[in-house]
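Here is the structure we will look at, set down as structure tokens.
Source: prediction; values computed, not measured.
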Amino acid sequence: MTYKYFPHTEDDLRVMLSAVGAGSIDDLYARIPEAIRFRGDYQLPSEMSELEVRQLFEKLGAQNQTLVCFAGGGVYDHYTPSVIPNLLQRSELLTSYTPYQAEISQGTLHYIFEYQSMMAELTGMDISNASMYDGTTATAEAMMMAVAAGKKQRRVLVSETVDPKTLAVVKTYAHFHGIGLEMVAAADGVTSRESLEALLAQGGVAGVVIQQPNYFGIVEDYSGFADLCHQQKALLIMNSVAADLALLKTPGEWGADIAVGDGQSLGIPMQWGGPYVGYMCCTEKLIRKMPGRIVGKTVDNRGQRAFVLTLQAREQHIRRQKATSNICSNQSLMALWVTVYMSLMGKQGLKEAAELSYAGAHYLCDELLKSGAFRLVYNQPFFNEFVVSFDGDVDALQQFWLQNGIFGGIKVADGQIMFAVTEKRTKEEIDQLVGSILLYKGLKL
């Protein structure tokens, strides 16, 4: 065989070439211009032993700079129990394929059922699907749900306090589906009720997208928002950081029709942006508008507990034009990750982690204000994230932090930094961040 990892024999290749009327591989590619052909050697290392491979990757890993992270903006440095990767590798749970055959997929179906149960309870909603790709696409799919439920209503309102990354994906979906997207104005970092009322009064609104806590970390008061939406036959869609719901009022308690967001905060490492997992929960009346699939519990012909795919209104199973979504697969591996995390942490553990994050953020904020170099941008209640203005060069300050092993927040505007604190950040690390500011200012004087 020419390539030992290819399954085709020389006879296989000869038969295939003959079928297309080519005498050789060179004849097959003869029409490709010589000018664009690659004739060099591939830059691949020679074969290595297992020990050499491990040493190579250790050297590569050592090139990474490990930073103390005070950045958030949708991705947070939460603690990951060390047992999770080991449990994920159990053969009855780990699979790369969709569990269509229930009789051989009970482990996968079981954990998806548990995932759905936990997410429904965490969000205070009736139903959860079997996870989405990430929080941004989950929000966009929720917009599509609202439009499908609203039938002739093609306007969707999005608060200006929603994460810009989420808004960008929602805009893309809206553009290609002919949905009119309009922004609800913000005032002092929170959604303007007056702006919402005015836009709803114009009619034709299928859904309203809000975020809690919002992009700036502010915990908004959404009292009465659900009633305003429902009076105009619009659905209320609430995007939330999953871990924060251990302490905050749930989307269900706010009267939301659809709850979406990212589950990365439930123990998934930051890992350079993914893979993560989106969650989507809704009221029971919207169950048939939901994308993805739902796993249910039943009994087999011997009366034993069993799990099955209960609802799967996707294009593989029904007529394409009737499908709820073209999001076909789901991040089931990451759904398993957060299921194990929530099982290990329990209700009390989730609550304590959220309390530590809240306390750490407020301690950091107080210390930054005391330094005299920062001012709070929004005088609003916040959870574990907040925005401050800096009386100097933000870019230079952040570069100084990087040189000293600190990922010092996210620049959200000229002269403004957004900091985030999780349960992993210690008092010593926070003090180090604040102390480095005094050192930086001393160097600049």
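- Here the closest heavy-atom approach between residue Ala146 and residue Gly207 is recorded as CB-CA, 4.0 Å.
- Ion pairing between a basic and an acidic side chain is recognised when a charged N comes within 4.0 Å of a carboxylate O; Glu429 and Lys424 show no such pairing.
- If you take CD1 on Ile287 and SG on Cys282, they are separated by 7.0 Å, rounding to the nearest 0.5 Å.
- In terms of modelled atom types and a separation under 3.5 Å, the side chain of Asn404 and the main chain of Phe400 share a donor-acceptor contact.
- Side-chain contact between Val209 and Val170 is absent, with no heavy-atom pair separated by less than 4.5 Å.
- Of the possible polar contacts, one joining the Gln153 side chain to the Val205 backbone as a donor-acceptor pair under 3.5 Å is found.
- Judged purely by distance below 3.5 Å, without hydrogens or angles, the side chains of Gln211 and Ser159 never pair a donor atom with an acceptor atom.
- There is a side-chain donor-acceptor pair under 3.5 Å between Gln380 and Asp188.
- There is no side-chain donor-acceptor pair under 3.5 Å between Glu160 and Tyr215.
- Remark: side-chain polar atoms of Trp337 are not paired, donor with acceptor, to backbone N or O of Leu88 under 3.5 angstrom.
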- Task: Please step through salt bridge (Lys or Arg N to Asp or Glu O under 4.0 Å) for the pair Lys285 and Asp126, ending with a clear verdict.
- Result: CA-CA 9 Å; Lys285 68 179 182 180; Asp126 300 328; over 6 Å; no
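- Put simply, CZ on Phe176 and NZ on Lys171 are 14.0 Å apart, with the number rounded to the nearest 0.5 Å.
- Inter-residue side-chain proximity for Ser128 and Glu121 is flagged as unmet; no heavy-atom pair is nearer than 4.5 Å.
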- Message: With side chain to side chain contact (heavy atoms under 4.5 Å, CB included) as the criterion, how do Gln116 and Asn129 come out once you've worked through the C-alpha distance, each side chain's angles and the decisive distance to 0.1 Å?
- Response: CA-CA 6 Å; Gln116 293 171 175; Asn129 70 1; 5.7 Å; no
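- Atoms CG and OG1, from Leu356 and Thr426 in turn, are 11.5 Å apart once rounded to the nearest 0.5 Å.
- When all heavy atoms of Ile406 and Ser436 are compared, the closest pair comes out as CD1-OG, 4.2 Å.
- Side-chain contact between Val388 and Phe390 is absent, with no heavy-atom pair separated by less than 4.5 Å.
- The minimum heavy-atom distance linking Thr123 with Ala120 is given by the pair OG1-O, 3.4 Å.
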- Residue pair Leu368, Ile437: steps toward the side chain to side chain contact (heavy atoms under 4.5 Å, CB included) verdict: CA-CA 9 Å; Leu368 290 175; Ile437 297 167; 3.4 Å; yes
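- When all heavy atoms of Leu199 and Leu157 are compared, the pair lying nearest together is CB-CD1, 3.7 Å.
- Proximity of Ser343 to Met118: side-chain heavy atoms (C-beta onward) are separated by under 4.5 Å at one or more points.
- In Glu197, the CD atom is crowded: over 12 heavy atoms of neighbouring residues, nucleotides or ligands sit closer than 6.0 Å.
- The aromatic ring centres of Tyr42 and Phe38 sit less than 6.0 Å apart.
- Between atom OG1 of residue Thr139 and atom CD of residue Glu141 there is a gap of 10.0 Å, rounded to the nearest 0.5 Å.
- Summarising the local packing, CD of Gln304 is surrounded by more than 12 heavy atoms from other residues, nucleotides or ligands at distances under 6.0 Å.
- Of the possible donor and acceptor atoms, one in the side chain of Thr172 sits under 3.5 Å from a partner among the backbone N and O of Ala168.
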- Can Glu58 and Arg54 be said to form a salt bridge (Lys or Arg N to Asp or Glu O under 4.0 Å), step by step? CA-CA 6 Å; Glu58 286 174 0; Arg54 289 183 180 276; over 6 Å; no
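- When every heavy atom of Ala354 is checked against every heavy atom of Ala243, the shortest pair comes out as CB-O, 4.3 Å.
- Within 6.0 Å of atom CG in Asp395, more than 12 heavy atoms from other residues, nucleotides or ligands are found, so the atom counts as buried in its surroundings.
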- Message: Does Tyr276 form a side-chain hydrogen bond (donor to acceptor under 3.5 Å, both in side chains) with Gln271? I'd like the steps, not just the answer.
- Response: CA-CA 9 Å; Tyr276 296 151; Gln271 54 197 18; over 6 Å; no
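- In this structure, Tyr279 contributes its side chain and Val260 its backbone to a donor-acceptor pair below 3.5 Å.
- Between the OH atom of Tyr378 and the OG1 atom of Thr161 there is a distance of 9.5 Å, given to the nearest 0.5 Å.
- A donor atom on one side chain and an acceptor atom on the other are not found under 3.5 Å apart for Asn384 and His362.
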- List the steps, then state whether side chain to side chain contact (heavy atoms under 4.5 Å, CB included) holds for Ile258 with Met238. CA-CA 6 Å; Ile258 308 173; Met238 182 173 287; over 6 Å; no
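- Between Glu352 and Gln348, the side chains place a donor N or O and an acceptor N or O closer than 3.5 Å (distance only, hydrogens not considered).
- Heavy atoms of other residues, nucleotides or ligands lying less than 6.0 angstrom from CD of Gln65 number more than 12.
- With hydrogens and angles disregarded, a donor-acceptor distance shorter than 3.5 Å links the side chain of Asp257 to the backbone of Leu236.
- Identified under the ring-ring contact (aromatic ring centres under 6.0 Å, His included) test for residues 102-128, with sequence neighbours left out: His110-Phe307, Phe113-Phe307.
- Although no hydrogens or angles enter the test, the distance criterion places no donor-acceptor pair under 3.5 Å between the side chain of Glu220 and the main chain of Pro213.
- Side chain of Arg154 to main chain of Gly204: no donor-acceptor pair is present (N/O by atom type, distance under 3.5 Å, no hydrogens or angles).
- Applying the ring-ring contact (aromatic ring centres under 6.0 Å, His included) test to every pair with at least one member in residues 409-437, sequence neighbours left out, gives these pairs: Phe386-Phe419, Trp401-Phe419.
- For the pair Arg375 and Asp391, the salt-bridge criterion is not met [side-chain N within less than 4.0 Å of a carboxylate O].
- At a cut-off of 3.5 Å, with distance as the only test, a side-chain donor of Tyr363 or Asp431 sits close to an acceptor on the other residue.
- Within the model, atoms CG of Asp262 and CD1 of Ile268 stand 7.0 Å from one another, a figure rounded to the nearest 0.5 Å.
- A distance-only check finds no donor-acceptor pair linking the side chain of Thr136 to the backbone of Thr166 [under 3.5 Å].
- Side-chain atoms of Val162 and Asn214, non-hydrogen and from C-beta on, never get closer than 4.5 Å to each other.
- Ser240 contributes a side-chain N or O that, together with a main-chain N or O of Gln212, makes up a donor-acceptor pair within less than 3.5 Å.
- Taking each heavy atom of Leu245 and Leu122 in turn, the nearest pair found is CB-O, 3.7 Å.
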- Can Ser332 and Ile112 be said to form a side chain to side chain contact (heavy atoms under 4.5 Å, CB included), step by step? CA-CA 8 Å; Ser332 186; Ile112 291 178; 3.6 Å; yes
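- Other residues, nucleotides and ligands contribute more than 12 heavy atoms inside 6.0 Å of the CG atom of Asn86.
- Note on ring orientation: taking the six-membered ring where Trp is involved, the planes of Trp254 and Tyr222 are perpendicular (angle over 60°, cut-offs 30° and 60°).
- A salt bridge is absent between Glu253 and Lys249; no separation between the charged side-chain nitrogens and carboxylate oxygens falls under 4.0 Å.
- By the salt bridge (charged side-chain N to carboxylate O under 4.0 Å, His left out) test, Asp163 pairs with Lys165, sequence neighbours left out.
- Using modelled atom types and a 3.5 Å distance limit, the side chains of Glu385 and Tyr76 yield a donor-acceptor pair.
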